[in-house]
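Working notes, beginning with the structure itself.
Remember, predicted model here, so these are calculated numbers, not experimental data. Just so we're on the same page: letters track the sequence lines, and every chain starts at 1.
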Amino acid sequence: MDFLRPASWEEALAAKAEHPTAVPIAGGTDVMVEINFDHRRPEYLMDLNRVGELAEWEVGEETVRLGASVPYTRIMDHLRAELPGLALAAHTVASPQIRNRGGVGGNLGTASPAGDAHPALLAAGAEVEVVSVRGTRMIPVDAFYTGVKRNALAPDELIRAVHIRKADGPQQFAKVGTRNAMVIAVCAFGLALHPETRTVRTGIGSAAPTPVRATAAEEFLNAALEEGGFWDSGKVVTPSVAKRFAQLCSAACNPIDDVRGTASYRRHAIGVLARRTLTWTWESYRTAERKGGVA
Amino acid sequence: MAANGAPTKLTQGAPAKGGIGESTLRPDGTLKVTGEFAYSSDMWHEDMLWGQILRSTVAHAEIVSIDTAEALALPGVYAVMTYDDLPTDVRHYGLEIQDTPVLAHGKVRHHGEPVAIVAADHPETARRAAAKIKVEYRELPLVTDEASATAPDAVLVHEHRTDHHIHHVPHPNIVHRQPIVRGDAEAAARRADVIVRGEYTFGMQDQAFLGPESGLAVPEEDGGVHLYIATQWLHSDLRQMAPVLGLPEDKVRMTLSGVGGAFGGREDLSMQIHACLLALRTGKPVKIVYNRFESFFGHVHRHPAKLSYEHGATRDGKLTHVKCRIVLDGGAYASASPAVVGNASSLGVGPYAVDHVDIEAIALYTNNPPCGAMRGFGAVQACFAYEAQMDKVARELGLDPVEFRQRNAMEQGTLMPTGQPVDSPAPVAELLRRVKAMPMPPERQWESSEGADVRQLPGGLSNTTHGEGVVRGVGYAVGIKNVGFSEGFDDYSTARVRLEVAGGEPVATVHTAMAEVGQGGVTVHAQIARTELGVAQVTIHPADTAVGSAGSTSASRQTYVTGGAVKHACELVRERVLEIGRRRFGSYHPAWATAELLLEGGKVVTDGGEVLADLVDVLEGEAVEVEREWRHRPTEPFDPRTGQGNGHVQYSFAAHRAVVEVDTELGLVKVIELACAQDVGKALNPLSVVGQIQGGTTQGLGIAVMEEIVVDPKTAKVRNPSFTDYLIPTILDTPTIPVDVLELADDHAPYGLRGIGEAPTLSSTPAVLAAIRDATGLPLDRTPVRPEHLTGTN
């Protein structure tokens with residue numbers, strides 16, 4: 001195994017072009033496990049830790065440009081206001097030590113359906129900035145996951161950053177595991193209210209071959225909220241609406257039975273989390289509306 | 001590197017001060033939490049090689065061929081060994097039954113069985129070489145449960161058994177069977193007003209010790225070998241290793257290395273023989289360290305069990321009888337299965353007075369992972385079932401579950417199902433009273449001024465509830481565990497104690513072969529020596545085989561037995577010191593002849609407190625040394641047909657009250673509090689006692705709500721051999737554990753003490769299950785409870 005240590009982003013792109021099989025490593029929280037367990041023996045390992053800009057972020061007008069290697073701890077500490085869903089998800093990632101090392105770029109690179117960041121990115125709305133010596137592409141996160149542990153990256157591309165829409169309303173993230181901390185997701189759910197566009201977006205983790213949005217559930221809820229004038233009135237969401245939304249979220253799952261849980265449980269739990277996170281976010285929205293503030 | 005070639009980084013220390021009854025701090029505590037402690041996996045030796053084991057990828061198969069040529073050809077590889085390369089005709093080992101091949105011979109019987117071993121100059125080279133060994137398997141039908149084990153045409157896991165249990169078992173796939181019959185359960189059942197039956201399932205728990213199996217074997221000039229090893233019992237390892245190596249026992253030297261937890265998982269051999277074989281073959285030191293994945297295959301687990309119970313009671317709340325049948329899955333090799341059967345059966349009714357019992361316990365041979373010793377050892381599985389039954393009977397009778405238990409609680413003088421009288425305090429009703437009397441944690445304790453504190457709710461930081469669906473439940477349980485090795489085993493320990501003057505001060509040295517696995521034994525030994533010999537300075541000699549056996553660090557026995565041996569040796573040293581004193585100074589003071597003399601503060605004093613001489617003057621350069629074996633009262637085997645007999649030495653009792661919050665919609669559980677009351681006889685080190693109780697309680701919580709090795713019934717392969725999917729409690733899963741310690745002396749034991757390490761692991765699990773049943777109203781007949789079981793989605 002050859003170890004590549006590019007000193008700059010340009011060198012990294014050149015190295016990836018020259019060695020398309022090279023596996024990039026930043027925090028190493030996924031890659032090192034695979035290497036240690038001998039699940040993977042890449043020909044080349046490319047250390048991105050000398051590329052300082054990957055660990056930086058910029059807060060823009062509409063979006064946060066989050067460097068691929070920004071550790072989860074930083075997201076929790078500095079971006080809670082702009083990216084509340086992702087900050088909540090970051091909080092559930094493994095242990096403090098791993099949150100100090102791991103970043104969203106690794107979650108995207110691995111593209112495991114169990115990655116904690118995915119439901120939050122899907123719900124918030126995000127684009128992945130991928131770069132090669134050929135140029136830059138912006139891939140909507142919805143189109144980024146192409147299969148179990150597969151993503152839309154070309155062999156010569158690297159993830160530079162994720163552009164995540166700044167929250168314009170309340171966001172929530174909830175994850176089921178069979179332990180109260182430091183646990184891989186049995187399933188997870190992200191939900192974001194977008195009052196500016198009067199839409200709701202969702203993200204489901206670990207309950208389908210890839211992270212997915214519950215599109216039918218979103219469409220149902222968008223219509224129900226619009227028709228009922230909920231965005232303006234700030235009324236409590238009707239229980240029957242919440243229930244139907246939960247059912248449609250469960251229906252968006254395509255889970256498997258595995259050692260962590262049954263498919264039947266995952267479908268059930270996603271429904272419960274959908275209903276609860278809808279209640280929490282809508283309650284925050286209503287409260288903010290009543291105070292006359294912008295949520 | 002030490003001059004004699006011994007590896008560096010051996011850690012053994014003695015606490016600085018404190019006699020018995022004091023909460024002396026352990027010497028390894030700070031080192032462990034700061035990452036400074038040297039574990040067996042940290043050892044290094046100049047010029048050493050790395051050993052690697054190739055394990056079977058299937059559970060049951062004939063080995064058609066093994067081709068090692070490619071592995072041997074890899075540069076850096078020094079040796080590749082298979083069964084055919086073993087040096088002597090002794091090629092099997094085992095704790096009681098020598099049924100385990102050092103390397104697989106002709107067939108493999110479980111997933112992960114060692115097939116070949118490799119030594120190379122780099123761990124990565126060793127791993128690659130092992131991967132290049134070609135093993136051709138022809139798969140055989142699987143034996144995975146009682147039905148497939150005892151079917152008329154069942155495949156035999158071991159075809160040619162010659163062990164002493166084969167004569168009394170009903171089928172060769174049953175390792176051991178122990179019936180226990182007392183009174184007339186059939187007749188008593190007719191007098192019962194209520195009869196309650198239940199079927200229970202107990203999952204496979206792993207010891208999950210944090211320091212994986214590891215050791216370093218160093219070949220010696222005399223043709224022998226010195227093994228530095230993390231184990232629970234040096235001399236038991238030695239007895240099993242020497243014949244396989246073809247060496248007399250005095251040419252196999254063993255020194256205990258830093259042990260990262262044990263819990264029963266180091267009672268059996270793991271890499272000991274393999275490392276020594278490779279060292280002797282190559283003439284070089286060989287180190288083997290398992291990684292976590294391999295560790296899941298490298299030691300036995302707790303027996304999973306199926307348990308059927310029938311309890312009868314009269315309207316006034318008295319048990320009429322108990323019938324039960326306990327089927328333990330021993331997996332592919334016997335390990336400690338026979339003794340686990342003995343415990344499960346003899347303790348199968350629990351700490352209750354019942355005159356009519358009909359018990360049967362068996363352990364199976366299957367192609368599942370081998371199971372053996374783990375904290376609680378057979379008593380844990382039984383306690384889970386009989387305590388569930390006690391709640392059911394109480395409900396049938398409309399009685400409070402604690403009240404019902406107290407009406408049937410055993411006490412001193414009660415006869416066990418084996419007919420053995422309980423001849424020391426058995427405060428079962430009192431322990432229950434104490435846990436029930438403890439203040440309850442406040443309702444809705446997760447509420448704070450800033451909203452719900454998710455850390456206090458089911459799901460914790462995963463943010464699954466802010467109080468929705470959460471219901472509280474409370475449950476009680478109590479258990480009984482035997483202390484020490486039972487059924488006639490010669491359960492002795494050896495201690496060598498030396499008293500001499502060094503640097504102008506009297507110094508005691510305590511040398512035993514006791515394995516310090518984290519239980520705090522070295523701390524207690526120094527406390528005993530300080531108390532008995534009245535000296536401040538105590539040195540604990542590293543544990544090794546240069547002194548006699550200390551027995552196993554298991555069965556809650558070390559403070560009792562090796563502690564007893566240290567106490568006894570100290571007493572003999574004291575007698576000799578006083579003899580010397582009388583000889584030298586007797587003529588100067590009449591008290592030398594007439595008074596009761598003690599050693600205190602480095603001086604010989606009378607029981608009235610008068611100082612007669614300084615120890616430094618008494619010893620005058622002379623060293624007094626005593627080595628003695630010490631035994632507790634003998635036990636006897638259980639009758640093979642009736643189970644009658646005085647099989648146990650001492651019993652240990654603990655009771656728990658569990659308070660849980662259950663998210664009933666998601667099936668997630670947060671244990672809020674696990675209050676424990678335990679009788680310890682005498683707390684030699686109160687802080688360590690509380691630590692043991694809290695640790696045991698937490699391990700019991702683990703098997704209640706998360707810990708389980710999942711074996712695929714279709715392939716008998718382990719599905720979750722990693723800490724990603726084998727979950728153990730984190731600090732956020734660990735509740736508040738208030739501990740109430742009773743000290744009712746057992747007059748038969750040193751200082752009146754009672755072995756304590758295991759009892760809290762028993763009652764913790766059923767208490768948590770009872771609390772979850774209380775919260776959900778579900779019957780819950782298996783542990784661990786998974787979210788599927790609580791939400792009807794399995």
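In this structure, B:R127 fails the cation-pi test against B:F293, since its NZ or CZ atom is not both closer than 6.0 Å to the six-membered ring centre and inside 45 degrees of the ring normal.
Annotation: maximal heavy-atom pairing with chain B below 4.5 Å, among A:Q172, A:R260, A:H91, occurs at A:R260. Counting heavy-atom pairs closer than 4.5 Å to chain A, the top residue among B:D712, B:D663, B:V705 is B:D663. Contacts with chain A were tallied for B:D725, B:N720, B:L732, B:N794; B:D725 has the most, counting heavy-atom pairs under 4.5 Å. When each of B:R786, B:M706, B:E468, B:E708 is scored by its heavy-atom pairs under 4.5 Å with chain A, the top score falls to B:E468.
The aromatic rings of B:H466 and A:W280 sit parallel, their planes meeting at an angle under 30°, below the 60° perpendicular limit.
Salt bridge status for A:D77 with A:R99: absent, with no side-chain N to carboxylate O gap under 4.0 Å.
Residue B:Q456 does not touch chain A at all, counting heavy-atom pairs closer than 4.5 Å. Heavy atoms closer than 4.5 Å to chain B are found nowhere in A:V33, neither backbone nor side chain. For B:V454, no part sits under 4.5 Å from any heavy atom of chain A, backbone or side chain. For a residue to count as touching a neighbouring chain, one of its non-hydrogen atoms must lie under 4.5 Å from one of that chain's; by this rule A:F173 touches chain B with the backbone only. For chain A, the nearby part of B:T791 is the side chain; its heavy atoms alone come within less than 4.5 Å. For B:P784, no part lies near chain A; criterion is any non-hydrogen pair under 4.5 Å. Heavy-atom distances place both the backbone and the side chain of B:L461 under 4.5 Å from chain A. Heavy-atom distances place both the backbone and the side chain of B:I728 under 4.5 Å from chain A.
Heavy-atom minimum distance, A:Y285 versus A:P170: N-CG, 3.6 Å.
B:D453 and B:S448 share no side-chain donor-acceptor pair at under 3.5 Å.
Counted within 6.0 Å of NZ on A:K235, heavy atoms from surrounding residues, nucleotides or ligands total more than 12; the atom is thus considered enclosed. Counting heavy atoms of neighbouring residues, nucleotides and ligands inside a 6.0 Å radius, atom NZ of A:K149 does not exceed 12 of them.
Rounded to the nearest 0.5 Å, atoms CG (B:L701) and CD1 (B:I737) are 7.5 Å apart.
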